[in-house]
Each structure stands twice: as structure tokens, then as C-alpha cells.
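Since we're looking at a predicted model, the values are computed, not measured. Letters A, B, ... are given to chains in the order of the sequence lines, protein chains preceding strands, and every chain is numbered from 1.
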Amino acid sequence: MSESSRYQPQALEVGWQQAWAGAGLHRAPELGPGDEAFYALSMFPYPSGNLHMGHVRNYVITDVVARVQRLRGRKVLHPMGWDAFGLPAENAAIERGVDPGSWTDRNIASMRAQLDQLGLSIDWDREVATCHADYYRWTQWLFLQFLEAGLAYQKDATVNWDPIDQTVLANEQVDGEGRSWRSGALVEKRKLRQWFLKITDYAQQLLDDLDQLQGWPERVRTMQANWIGRSTGAELQFTVVDGDGNNADERITVFTTRPDTIFGASYVVLAPEHPLVAALTTVEQQAAVEAFCDLVSRQSEQERTADDKPKRGVPIGAQVRNPANGELIPIWIADYVLAEYGTGAVMGVPAHDQRDFQFARQYELPVRQVIIPEGSDEHAYEGGAWTEAGVLIHSGRFDGLPSGEAKEAITAAAATEGWGQEKVQFRLRDWLISRQRYWGCPIPVIHCDSCGVVPVPSEQLPVELPRDVAFSGKGGSPLAQLESWWSVPCPCCGQPARRETDTMDTFMCSSWYYLRYSDSSNTQLPFSREAVNSWLPVDQYVGGIEHAILHLLYSRFFTKVLRDRGLLGFDEPFKRLLTQGMVQAITYKNPLSGKYIAPADVADPSDPRDPVTGDVLETFFEKMSKSKYNGVDPAAVIDRYGADTARMFILFKAPPEKDLEWDDADVEGQFRFLQRLWRLADAAAERGLSLADGSGAPEAVMVALAANSGASADGGALSSDEQELRRAVHTAIQAISEDLDGDYQFNTAVSELMKLSNAMASHLEASRPVFACEALRTLLILLAPFAPHLAEDLWLKLGGRSAADDLASTSIHAQLWPTADANALVRDTVPLVIQIKGKVRGSLEVPADADKATLEKLALESEIAAKWLEGKAPSRVIVVPGKLVNLVP
RNA sequence: GGGAGCAUGGCGGAAUUGGUAGACGCAGCGGACUUAAAAUCCGCAGACGGCAACGUUGUGGGGGUUCAAGCCCCCCUGCUCCCA
């Protein structure tokens with residue numbers, strides 16, 4: 001045996017990556033009439049500078065989708081970009097004095113190099129970075145569209161303020177104890193004038209159109225529906241009563257989903273921030289109310305509303321009249337009522353709402369039952385409120401009505417009598433987009449004392465971020481301190497005016513990047529209508545479940561607004577969504593000290609012990625992270641095994657939506673599989689097999705089959721090896737095609753490739769060249785999306801193309817996906833399972849075309865039947881053709 | 001507390017959607033090759049009993065529907081996620 005070559009992925013992969021790039025193989029083609037377009041998109045990353053396994057999984061999945069679609073003849077757009085504004089760059093500037101822009105660009109360059117090592121078929125010509133002026137210019141332009149449409153506005157809002165860092169924080173940056181993640185300071189609530197986008201105008205549409213998204217995971221649609229949170233109820237008005245018991249002019253409007261319980265209202269609660277609090281508080285209560293408001297202002301929303309936290313409040317001294325029964329009840333303020341939700345006021349019905357119940361118990365407020373469970377005695381209220389539907393009592397003319405009818409009847413009465421009406425309420429709130437940060441997209445407006453808020457004229461865009469800014473880390477945004485930047489003449493009147501110094505939430509930038517890819521070099525518009533309509537909506541979007549709500553909801557909102565502005569012609573941006581699972585790795589933790597131990601320091605994984613103390617360690621799988629010492633560096637894996645092995649492993653190890661447990665031994669196994677393929681091709685080449693001139697292509701195989709069949713029409717001239725080989729080849733085509741259609745099942749697709757390779761190892765040698773070549777050719781094309789480098793290399797080696805040929809047209813990745821030949825799947829005989837009373841007792845080889853009667857006869861005559869029926873005739877026989885016969889004695 | 005989902009060998013996971021449970025792989029065991037090891041190749045492998053043929057049992061637990069249940073229905077337990 002001659003010395004065979006070795007599979008050395010490191011060398012060949014880089015070579016192919018460069019060759020593909022040189023040939024422009026991944027560039028999205030111009031779309032012509034009749035072309036079928038396919039847009040495959042990964043959620044773009046933040047350029048931290050380090051590629052981690054989660055990224056790898058995401059982009060490999062999308063890449064396989066893109067490559068399969070190309071092989072199926074579609075014109076594919078598969079772009080990539082950078083979600084490049086955000087805090088880490090600014091923190092680097094504060095901590096190390098580097099320029100955020102250069103820092104980000106360096107990270108982008110290094111991450112792009114890491115991505116290139118994976119062999120992704122990305123069209124880099126369309127790359128975008130949200131922090132580059134040629135991109136954020138259009139983010140600003142789109143903001144002005146929102147402004148013009150009346151969908152962007154300013155209002156005073158209570159926000160999280162870090163008194164040490166002197167900046168606003170997002171809710172996510174405040175921990176459970178109400179402290180800043182950076183400074184550790186207790187976060188204060190501050191009222192600041194902020195920019196908002198009116199996403200609530202689109203709440204109903206965002207909810208309704210979820211029905212269109214059948215290609216999204218049910219889970220994500222449910223999460224969005226819950227987030228939008230539509231509830232139907234009523235707004236009811238309680239008239240404020242003065243000290244003498246006379247009705248005053250003021251009314252307090254509450255929102256409730258349970259108008260049927262209004263007769264049980266024993267108090268009304270306002271949010272401490274409610275505008276009427278100051279006006280209605282009596283002199284006696286003033287001090288207590290002010291102290292309480294101060295206390296609440298230091299609490300996070302989560303603290304205020306958590307079920308297990310005690311509810312606190314104080315009466316403000318004033319009273320209101322219950323419009324349903326005329327009773328006078330007190331007004332309180334309490335921490336569990338939020339100003340931003342509903343009307344900022346609720347009626348307290350302790351008997352039928354759990355939080356009201358807790359509150360009433362705490363302050364000894366009356367509890368009056370007005371709903372009883374249908375057909376039962378009165379509920380005793382030992383454990384808590386009765387919050388289910390029931391029948392009304394103590395409710396005057398509505399007594400005896402079921403809750404459902406009572407809701408309508410009471411709401412109708414309120415409308416007729418002028419104390420309320422039906423109201424649809426959403427949980428969704430307007431989107432606060434202001435950030436007092438430097439490294440973000442500047443909001444393109446100018447504040448003028450005489451003209452008010454003036455949009456920056458679009459020809460003056462972009463409003464560029466100034467460079468060479470000092471970062472102290474204190475005192476808020478550097479922009480606000482840079483008078484040379486913010487001091488500008490008003491575009492309207494020319495008088496001195498002030499630029500807005502807030503920047504936009506980075507989610508603004510990421511809400512439209514997928515549109516820009518369709519026309520990324522356009523200098524006149526963010527994208528042309530033609531380009532965006534020809535590529536979008538995105539056919540397959542792939543990303544993490546952590547974006548299930550915010551990014552995906554904001555993007556849907558943007559799409560609808562831009563549609564209504566006439567900029568694009570579709571309702572939803574992402575037709576299909578795949579949320580890939582996390583990449584986890586084994587984690588060791590000392591349960592006594594709580595310390596994580598690096599896997600490298602664990603001597604014996606079967607008996608993991610702390611290297612210092614000798615304590616037995618806890619072992620589990622967790623998301624890779626630095627602090628747990630369980631990260632696996634993609635570069636190290638590629639160095640050792642190559643990108644193709646990493647790709648195959650990640651696809652094979654778990655279904656795409658499930659969490660994936662990284663295991664070095666499994667990676668090794670995957671590498672062995674690719675080595676086997678290499679040797680298989682080596683042996684074929686040594687035998688002199690060649691795929692040149694269409695050898696093994698469907699036409700050539702058809703000719704060979706026709707010549708062989710001769711007298712027998714069933715292809716009987718094929719040897720049994722050849723029949724087995726062809727069956728394996730076409731079974732693989734069918735199975736893998738199904739796995740890549742509809743639901744993506746990459747793990748079983750890879751296992752089908754393994755089965756095919758196993759069958760080829762057994763039958764290839766004994767098969768004639770035409771069939772051997774058919775198998776080799778098919779294997780390589782089926783392999784190409786998964787292990788693109790190896791497939792391309794073997795394609796060249798086996799003569800699928802010659803080195804001198806134009807790569808763009810002769811690459812394995814420019815071939816056509818094969819079609820299964822149904823004739824190859826046909827068998828002469830099939831196994832027939834014999835069951836006795838539902839239990840499998842054996843099987844027979846029977847003619848594949850046998851009819852039901854024949855099968856029954858064969859089963860009854862079998863030894864299996866004789867053994868188990870002991871000569872008696874079965875009382876019942878069930879025949880499932882092609883599967884089994886069940887004999888019931 | 002409400003909602004959704006999941007539970008299959010030592011491990012990751014398959015199962016034509018009601019029809020042979022455990023595909024494919026990892027780890028393991030046995031054998032071949034080798035002075036030896038690695039690599040490679042061949043074979044075994046749910047559990048229990050048995051030399052074996054084979055039998056019993058088996059998809060978190062309990063019940064039900066059915067000729068037939070991992071899959072459908074009811075109850076329970078445990079885990080995960082979302083919302084409170």
C-alpha cells in the first residue's frame with residue numbers, strides 16, 4: 001500500500017477561504033426576474049474583540065442554511081455586521097484612556113479574522129457597523145421619520161440615577177438590591193426629560209401580527225404577547241370628597257380588569273408619583289406622605305411590586321365616593337402601585353385581589369366579599385383573596401350575576417351614568433431611548449429658546465460624534481460638557497441654540513440593520529424600496545433566545561412604522577426565527593467554599609476534587625463564562641482540529657434549539673469521522689476513480705442503469721453491493737433533505753452522513769465505478785454545507801473540477817443539491833414483524849409487494865404463530881402492510 | 001402564585017407522528033495488526049436470568065383509551081424558562 005496523505009485541516013482550510021474570497025463566491029448576486037431570493041441572517045454581534053462558542057454556534061447554523069439554499073439554486077444574501085455602540089467601549093476609554101472608536105474598530109478587525117477562520121459564506125461587501133457615520137447617519141434620518149410621524153416625543157420620566165457615576169442606568173444595570181452594577185451605589189430615582197418612541201401606538205398590531213409568524217417558536221410568540229400584555233377592563237371614576245362630605249371637582253380614574261368587584265372596594269390607592277397626591281394630601285398627613293414618597297423613590301420597581309415583599313403605604317387624608325354604592329372610602333398611596341402603569345391609581349378590593357388583600361391586612365382596612373364561588377358557601381378568606389370568577393353578592397342590583405356578565409353590566413352602567421367606560425389596557429410602555437452616554441448615536445435635534453425642538457435638517461446629517469473627548473467617568477455624558485460641540489445656531493432662526501446631548505439606546509441601531517444589508521452602500525437613503533422589498537423579509541433569522549422580547553419587538557415596531565411611512569412594503573421583518581440554545585461546558589464547584597475550579601486543575605474527572613483542599617467537587621454543565629473557568633476558546637479548537645470539525649461537532653451534538661454540552665471527547669470523535677472521509681476519498685483516488693466529466697452524475701447513472709437492466713426491468717443486473725450502496729446514497733439524500741427542510745435537524749443530518757459513509761466503507765470497493773462515483777459525488781455535495789473546506793478539497797482531489805477551472809462556477813458549493821431516486825429505495829423483500837397480542841415475537845422476510853391477505857397467510861403459517869398460538873386460531877388479526885401483523889388469540 | 005416546556009441506556013441524543021424503543025456518536029469491553037504503544041480495522045453492548053436458544057422486564061411515578069402507547073387522555077413528582 002502506498003503511503004496515503006493525511007488530513008491536515010489547518011493548511012487546507014485557510015487556502016480555501018482565500019480562494020473563495022478571491023472568486024467572490026459568497027457575494028449576494030444581483031436579483032433578476034424569476035430568481036428565487038433567500039435571506040439568511042444571524043443576529044449581529046457586539047464587537048467585544050473575542051469570539052465565543054455561542055457566536056460560533058449561531059453563525060455556523062446560519063451558514064449551513066445559506067449554503068444549502070445556494071445548492072438548491074436560490075440567490076442567497078448572507079451578510080454580517082457589528083452592533084458597535086455601547087458601554088464597553090466607553091468603559092475602555094474611561095479605564096484605559098483609549099479612543100472608543102479606534103478600540104471598537106480594532107475589535108471588529110480581530111473578530112472578523114476569527115470569523116473568517118470558520119469558513120462562513122458571508123458577503124463581507126455588505127458589512128455594516130452601527131458606530132460608523134455612514135450607518136448612524138441613517139439611524140438619525142430614521143429617528144427624524146419617527147419625529148415627523150409624531151412617534152418620537154419628550155417627556156419627564158423617572159429613571160435610575162447613579163449618584164457616584166453621575167449617570168442614568170438601564171433597569172438591567174441595577175441589581176436586586178437597587179445598587180449600580182458599576183459603582184455599587186444605591187440607585188436613586190430622578191425625574192429627567194427623556195426621549196421616547198411611541199411603541200404603544202402599535203401595541204395592537206404587534207399583538208395581532210404575531211399570528212403571521214408561524215415560522216417563529218411558539219415560546220417566543222407567547223413571550224411577546226405577554227410582554228405586550230393586553231387586558232380588557234374598565235376605567236372607573238371615583239369622585240373626590242371634601243372635608244364636609246361634598247363632592248369636589250377632582251376625580252380619580254382607576255383602571256381595573258375586575259369592574260365586577262367594585263362593590264368590594266374599600267379604599268383607593270394612588271402611586272406616590274401620581275399628580276393629584278400633592279393637591280389632595282391634607283395638612284395633618286403632609287409630613288407622613290412626604291416621608292413615604294422619599295422612601296419609595298429609592299426602591300426599584302421590582303422591589304415595589306414583588307409578591308413576597310410587604311406592601312407599604314400611608315393615607316393621604318382625603319376621601320372618594322365609590323360611584324357604585326355611594327360609600328366614602330379613604331385614599332392611600334402605596335409602593336405597589338406604579339405611576340407608569342394604567343392610570344397610576346387602583347381601587348383596593350381586598351377580598352378579590354391578592355395584593356390588596358395583603359395591604360388591607362397590614363393596615364386593618366375593611367375586607368368585603370362581593371363574589372362567591374358558584375354553587376358554594378361564602379369563602380372565608382383565611383388564606384387570601386378569592387380571585388376567580390364567581391357570582392356577585394352585596395352588589396345591589398347586580399346581585400346574583402356571574403362575574404363575566406357583571407363585568408359587562410357594571411361597565412355599561414358606568415358608561416350610562418357617566419362614571420366610567422370600557423378600556424383596553426396594554427402592559428407595554430413607550431420605549432425610552434435617551435442615554436446620557438457618549439458612545440451612541442447622537443439624537444439629531446437642536447433645542448432653541450424661541451423655536452423649541454428643531455430637527456437637524458436631513459442634508460446636515462450625520463450629526464457626528466466628536467473625537468478627542470475627555471473621559472473622566474464622572475459627571476455624566478462627555479457630550480454635555482463639550483460646548484464647542486453642542487453650541488450651534490438654530491437651523492430655523494439662526495439664534496444660538498443647543499444640540500441634544502443625549503444619545504440613542506443601542507437597540508435603535510439594531511432595529512433596522514437587517515434592512516440596510518439589502519442596500520448597504522446607498523448614500524441617498526438608508527435603503528431603496530426596491531432593494532429592501534426584493535430581499536426582505538428575512539427568510540431565516542438565527543439568534544439567541546435572550547432577544548426574544550426587546551430586539552425582536554423593536555425590530556417589528558420599526559418595520560411597521562417604516563411601512564406606514566412608505567419606505568418598505570411588508571408587515572413583518574423576520575419570516576422564520578430559530579433561537580439556538582446556549583453552549584455549556586462542564587463546571588466544577590467546591591460546595592464548601594463556593595469557589596469554581598478550572599477543569600484543567602481537576603486531576604481525575606471521575607472523582608473531581610479541589611486541588612488545594614481535596615474536597616469533593618460539584619459537577620454540572622453551565623454556560624461558558626470566564627468567572628467559572630469553563631470557557632472553550634474557538635481559536636484553540638480550530639487550531640487543533642480545524643473549522644470543519646468544530647462545525648460538525650456543534651451541529652451534531654444537540655438539536656439547534658437545545659443547550660449544547662461541550663465535550664472534548666466528542667470533538668475528537670467528530671475529527672475521526674472527517675479523517676475517515678479523507679481516507680475513503682484517498683482509497684477511491686488510488687483505485688483510479690474520478691468524478692471528472694460528470695462521472696457519477698445523475699445522467700451518467702441513468703445511462704448505466706438502462707444499459708444494465710437489459711432483460712429485467714428492476715435493475716436486477718446490479719450486484720447486491722451496488723444495490724446496498726445505491727439504497728444508502730438515496731436514503732441519505734432523502735433523509736438529509738427532510739432534515740434541512742422545515743424544522744432544521746442538523747444533528748440527524750450529520751448522523752445520516754455518517755451512515756452513508758459507513759455504508760460506503762462496506763460497499764464502495766465492490767461496486768462498479770459509475771455507482772462508486774455516484775456515491776462519492778453525492779456524499780461530497782451533501783457534506784458541503786456542513787464541512788465546506790473538506791468537501792471542496794476532496795471534490796478537487798477526486799476530479800470534480802480541476803485546479804485550472806474557474807472556481808466560482810465549478811466549486812462544490814456551486815453544484816446542485818441531489819434528488820433521491822425512488823427506484824433505488826425499492827426493496828424486493830421487507831421484514832414483517834409478527835406480534836402476538838401486541839408483543840413482538842419475531843419477524844419474517846416477505847415480498848415487498850405482498851397484499852394484506854398474503855401477509856396474513858404468511859403470518860399464520862409462520863413458526864412464530866405455531867409456537868405462540870399453540871394451534872388455536874386467532875380471534876383477531878391486524879395487518880399493517882409493510883410493517884407488521886398482530887395476531888390476537 | 002399563573003403560564004409554557006421538558007423527563008428515553010453510563011453520556012449526548014434517534015424513533016417514519018399510534019406500529020420492531022435506543023438510529024448516529026461518545027465513553028466502555030473483547031479481538032486483529034504491532035516488539036510495544038498510538039492510530040486503524042472487526043465485533044459486543046438497556047437491565048435482569050440463562051452456557052445458549054431464549055425468556056422476563058424496560059422511555060420519571062400511578063391510572064386510563066387501544067389489537068398495539070416513548071407518542072393520546074387524567075393524576076402525581078422533578079427540572080428549565082417566561083410572567084408575577
Tell me if the centroids of the rings in Phe649(A) and Trp662(A) come within less than 6.0 Å of each other.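 Ring centres of Trp662(A) and Phe649(A) closer than 6.0 Å.
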
Assert yes or no for the condition that the ring centre distance of Phe671(A) to Tyr7(A) is strictly below 6.0 Å.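 Phe671(A) vs Tyr7(A): aromatic centres under 6.0 Å.
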
Using a heavy-atom cut-off of 4.0 Å across all strands, would you classify [X] as base, sugar-phosphate, or nothing?
| X | answer |
| --- | --- |
| Val880(A) | base |
| Arg841(A) | sugar-phosphate |
| Pro831(A) | base |
| Glu738(A) | nothing |
| Val833(A) | base |
| Asn886(A) | base |

Using the [atom1] atoms only, state how far [M] lies from [N], rounded to an integer number of Å.
| N | M | atom1 | result |
| --- | --- | --- | --- |
| G1(B) | G9(B) | P | 30 Å |
| A68(B) | C54(B) | C1' | 23 Å |
| C79(B) | C71(B) | P | 22 Å |
| G18(B) | G12(B) | C1' | 27 Å |
| U77(B) | G62(B) | C1' | 10 Å |
| G46(B) | A53(B) | P | 13 Å |
| G70(B) | A7(B) | C1' | 11 Å |
| G25(B) | A45(B) | P | 15 Å |

Just by modelled atom types, is the [Y] backbone N or O under 3.5 Å from a matching donor or acceptor in the [X] side chain?
| X | Y | result |
| --- | --- | --- |
| Gln214(A) | Asp211(A) | yes |
| Gln224(A) | Leu207(A) | no |
| Arg361(A) | Pro350(A) | no |
| Asp659(A) | Met582(A) | yes |

Please report, rounded to the nearest Å, how far the [atom2] atom of [N] is from the [atom1] atom of [X].
| X | N | atom1 | atom2 | value |
| --- | --- | --- | --- | --- |
| Ile586(A) | G10(B) | CD1 | C1' | 14 Å |
| Lys883(A) | A69(B) | NZ | P | 17 Å |
| Trp678(A) | U40(B) | CH2 | P | 16 Å |

Taking only Lys NZ, Arg NE, NH1 and NH2, and the carboxylate oxygens of Asp or Glu, determine whether Asp353(A) and Arg258(A) approach each other closer than 4.0 Å. no

C41(B) OP1/OP2 closer than 4.0 Å to side-chain N/O of Arg679(A):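 For Arg679(A), the contact criterion (side-chain N or O under 4.0 Å from OP1 or OP2 of C41(B)) is met.
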
Side-chain N or O of Arg876(A) closer than 4.0 Å to phosphate OP1/OP2 of C67(B):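 Result: yes.
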
Going by distance alone, is a donor N or O of one side chain under 3.5 Å from an acceptor N or O of the other, for Tyr744(A) and Glu657(A)? no

What's the verdict on side-chain hydrogen bond (donor to acceptor under 3.5 Å, both in side chains) for Thr200(A) and Asp430(A), showing C-alpha distance, side-chain angles and the deciding distance? CA-CA 6 Å; Thr200(A) 51; Asp430(A) 276 343; 2.7 Å; yes

Can you give the dot-bracket line for RNA chain B, using ( ) for pairs inside the strand, [ ] for pairs that cross earlier ones, | for pairs with another strand and . for unpaired bases, where Watson-Crick and G-U count if both distances are under 3.5 Å? (((((((..(((......[....))).(((((.......))))).((((....))))..(((((..]....)))))))))))).

Syn or anti for U57(B) (syn when the glycosidic angle lies within 90° of 0):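 You should classify U57(B) as anti.
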
Can you tell me whether the base of G9(B) sits syn or anti, using the 90° cut around 0 to define syn? syn

For Lys623(A) versus Asn630(A), what's the shortest heavy-atom pair and its separation?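 Looking at all heavy atoms of both residues, the shortest contact is O-ND2, 3.4 Å.
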
Going 5' to 3' through nucleotides 24-31 of chain B, assign each nucleotide B (protein heavy atom under 4.0 Å from a base atom), S (under 4.0 Å only from sugar-phosphate atoms) or - (no protein heavy atom that close). BSSS----

Between Ser843(A) and Thr222(A), which residue's closest nucleotide on RNA chain B lies nearer the 5′ terminus?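 Closer to the 5' end of RNA chain B: Thr222(A).
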
RNA chain B nearest-nucleotide lookup for Glu661(A) and Lys839(A): closer to the 5′ end is Glu661(A)

Residue Met223(A), side-chain atoms from C-beta onward, closest of C67(B), G13(B), C82(B): C82(B)

If you check the Gln745(A) side chain, which of G13(B), A15(B), G19(B) turns out closest?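 The closest nucleotide is A15(B).
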
Return the set of residues passing ring pair (Phe, Tyr, Trp, His ring centres under 6.0 Å) with Phe507(A) (not counting sequence neighbours), or none when no residue passes.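 So Phe507(A) forms a ring pair (Phe, Tyr, Trp, His ring centres under 6.0 Å) with Tyr554(A).
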
